Amino acid sequence: MALTAVKGFNDILPDESGRWRYIEQTARRVFERNGFGEIRVPVLEKTELFCRSIGDATDIVEKEMYTFTDKGENSVTLRPEGTAGVMRAFIEHKLYAQDPIAKLYYMGPMFRYERPQKGRYRQFHQIGAEITGVNDPLADAQVLNMLTAFFREIGLTEPTLQINSLGCPECRPAYRNALRGFLEERMEHLCEDCKRRFATNPLRTLDCKVPGCVEATLGAPSVLEHLCSGCEDHFSSVRRYLDLSSTPYSINHRMVRGLDYYTRTTFEMVTGLLGSQSAVAAGGRYDGLISQLGGPAIPGIGFALGLERVALLLGSQDFVSLPDLFIATMGNGERDAAFRLMDGLLKSGVRVEMDYEGKSLKSQMRRADKLKARYSVVIGGNEVVSGRASFKRMADGLQADAELTVAGIQKLVGKPEQ
RNA sequence: GUGGCUGUGGUGAAGCGGUUAACACGUACGACUGUGACUCGUAUAUUCGAGGGUUCGAUACCCUCCAGCCACCCCA
């Protein structure tokens with residue numbers, strides 16, 4: 001093959017793009033109902049933005065970013081996630097000056113230089129939503145309910161909601177120390193990775209899948225027991241709101257995040273159907289992020305969901321739209337009339353197909369069948385003269401006589417004038 | 001970055017040292033003088049990811065490379 005796409009960058013072909021559009025439309029409907037407005041931000045940002053938000057020491061920033069120097073000698077990066085860019089725009093345009101409470105959503109491609117595998121690609125797509133300016137746990141609950149509603153309305157019941165709290169800069173250091181103390185005594189049972197993590201990010205050990213580590217950390221101290229009173233109150237309020245709205249969830253005190261900016265509430269929609277890519281959507285509160293990026297001290301909370309992963313869960317359901325009518329012609333003499341008819345129908349919203357190349361009637365009918373047209377009609381000299389034709393309902397072969405006009409056909413296929 | 005598996009037509013696949021490279025789907029045209037589907041017929045890979053090697057002979061065996069998939073890692 002002469003020319004192929006770049007590794008980890010995929011084409012979405014027409015038979016799949018219908019499913020994508022369905023996901024996007026469902027998200028738009030649910031999010032906008034909740035008062036979120038769409039924001040469109042660039043895919044390319046200054047590298048510094050991601051270093052300062054995601055965290056210099058995270059895997060994403062350390063080894064997964066598409067970073068390069070542009071012709072003006074600026075270091076730029078293809079966005080590896082969406083929140084940083086949205087918050088940059090929020091600050092840059094001083095959106096908080098009019099209203100500190102902003103509810104924004106976005107969708108689009110993200111880029112991470114990782115080894116591709118099932119449900120994980122170098123260009124992947126996320127749909128995300130963010131609320132700024134609300135400290136109250138009510139915002140956390142609304143975001144979680146919205147995410148739950150999205151999955152319900154898209155027709156998926158499998159991914160389940162897990163929540164946790166990571167505390168805040170006040171209480172997290174103490175927890176980290178407590179965890180270190182616990183792990184120190186079990187060092188010999190931990191895998192090599194976790195021994196290394198002990199210094200850099202001990203919380204990750206809780207998320208390790210190596211059986212030895214799982215066992216060794218069974219009785220590990222829980223973050224939830226080390227929350228300060230503020231974080232504790234916040235978390236229990238979130239749970240109370242979720243209970244009030246009967247939103248199903250479970251608490252996973254071992255859930256950890258890979259981005260540094262998260263505080264307090266964190267959550268994931270988890271599935272068992274995608275192999276190791278179990279997180280279909282994830283997010284959390286990021287109360288320090290906006291000020292960290294040079295904005296005012298405004299809190300935020302949001303999530304992102306992986307479009308590829310949702311698409312995988314939806315399976316191969318059909319989302320293509322089918323032609324209402326296929327027009328076949330007997331010979332070249334009728335093509336002008338057929339073309340005019342098709343044009344008129346298209347202009348009034350009927351989905352029509354006709355033969356492009358003057359093929360035999362048999363070929364044309366085969367094509368009508370292949371395209372899954374609901375009706376077909378053959379136009380010959382008789383029809384042109386009489387202005388009427390016999391329309392065949394392809395599903396059962398029944399033929400019905402009708403007027404060969406736009407109005408007549410609209411009536412037949414059940415698509416009234418728009 | 002590390003590991004495992006796999007590369008045969010548009011697709012799914014058989015063949016595993018000598019075959020006209022099977023079969024199925026798909027596609028195109030026809031049998032049916034103005035009507036698809038079912039049936040039947042015909043046509044659809046000068047070639048088996050690329051390069052090298054072993055051999056009288058390689059799609060098959062060996063080496064290198066490339067690509068894809070899956071897993072680790074990490075994450076949505």
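In this text the structure is predicted, and so the values were computed from the model without any measurement.
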| request: Provide the closest heavy-atom pair for A:F90 versus A:P100 in the form atom of the first, atom of the second, distance. | output: CZ-O, 4.0 Å
| Charged N to carboxylate O under 4.0 angstrom, A:D140 versus A:R285? | yes
| query | Is A:R340 salt-bridged to A:D336, cutoff N-O under 4.0 Å? | reply | no
Between [N] and [M], how far apart are the two [atom1] atoms, rounded to whole Å?
N	M	atom1	value
B:G15	B:C61	P	12 Å
B:U6	B:G12	C1'	15 Å
B:U47	B:U8	P	16 Å
B:C16	B:A22	P	14 Å
B:A60	B:G18	P	12 Å
B:C48	B:A21	C1'	8 Å
B:A45	B:C62	P	30 Å
B:U42	B:U55	C1'	40 Å

Nearest to the side chain of [X] - [options]?
X	options	answer
A:R309	B:A37, B:U35, B:C75	B:C75
A:N382	B:G34, B:C74, B:C29	B:G34
A:E383	B:G34, B:U35, B:A37	B:G34
A:L361	B:G34, B:C75, B:A76	B:G34
A:M330	B:C74, B:G34, B:G30	B:G34

| query | What do you reckon, is CZ of A:F68 surrounded by more than 12 foreign heavy atoms closer than 6.0 Å? | reply |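 Counting neighbours around CZ of A:F68, more than 12 heavy atoms of other residues, nucleotides or ligands fall under 6.0 Å, so yes.
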Using a 3.5 Å distance criterion without hydrogens, assess whether the side chain of [X] forms a donor-acceptor pair with backbone atoms of [Y].
X	Y	value
A:T205	A:T217	no
A:R388	A:L404	no
A:N74	A:V76	no
A:Y175	A:P221	yes
A:R374	A:L325	no

Roughly how many Å is it from [atom1] in [X] to [atom2] in [N], rounded to a whole number?
X	N	atom1	atom2	value
A:Y261	B:A76	OH	C1'	11 Å
A:R393	B:A37	CZ	C1'	16 Å
A:L325	B:U35	CG	C1'	14 Å
A:R388	B:G34	CZ	C1'	19 Å
A:K372	B:G26	NZ	P	11 Å
A:D260	B:C74	CG	C1'	14 Å

| request: Using heavy atoms to find the nearest nucleotide of RNA chain B for A:I379 and A:I60 separately, return the residue whose nucleotide is more 5′. | output: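 Its nearest nucleotide lies further toward 5', so the answer is A:I379.
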| task | Could you check A:V377 against A:K370 and say which one's nearest nucleotide on RNA chain B is further toward the 5' end? | result | A:K370
| query | What parts of residues 110-119 of chain A reach RNA chain B, counting only heavy atoms under 4.0 Å away? | reply | A:R112, A:E114, A:R115, A:Q117, A:K118, A:G119
| query | Any cation-pi pair here, A:R122 with A:F9, using under 6.0 Å and within 45°? | reply |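 The answer is no; the distance or angle limit is not met.
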| Parallel, tilted or perpendicular: which describes the rings of A:Y105 and A:F31, with under 30° parallel and over 60° perpendicular? |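 Taking A:F31 first and then A:Y105, their aromatic rings stand perpendicular (interplane angle over 60°).
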| field | Donor/acceptor link under 3.5 angstrom from A:K362 side chain onto base of B:G36 | value |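 For A:K362, whose side chain was compared with the base of B:G36, there is no donor-acceptor pair (under 3.5 Å).
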| remark: Secondary structure of RNA chain B per the Watson-Crick/G-U criterion (both distances under 3.5 Å; [ ] crossing, | other strand, . unpaired) is ((((((((.[[[..)..(....]]]((((((.......))))))....[[[[[..)....]]]]])))))))....
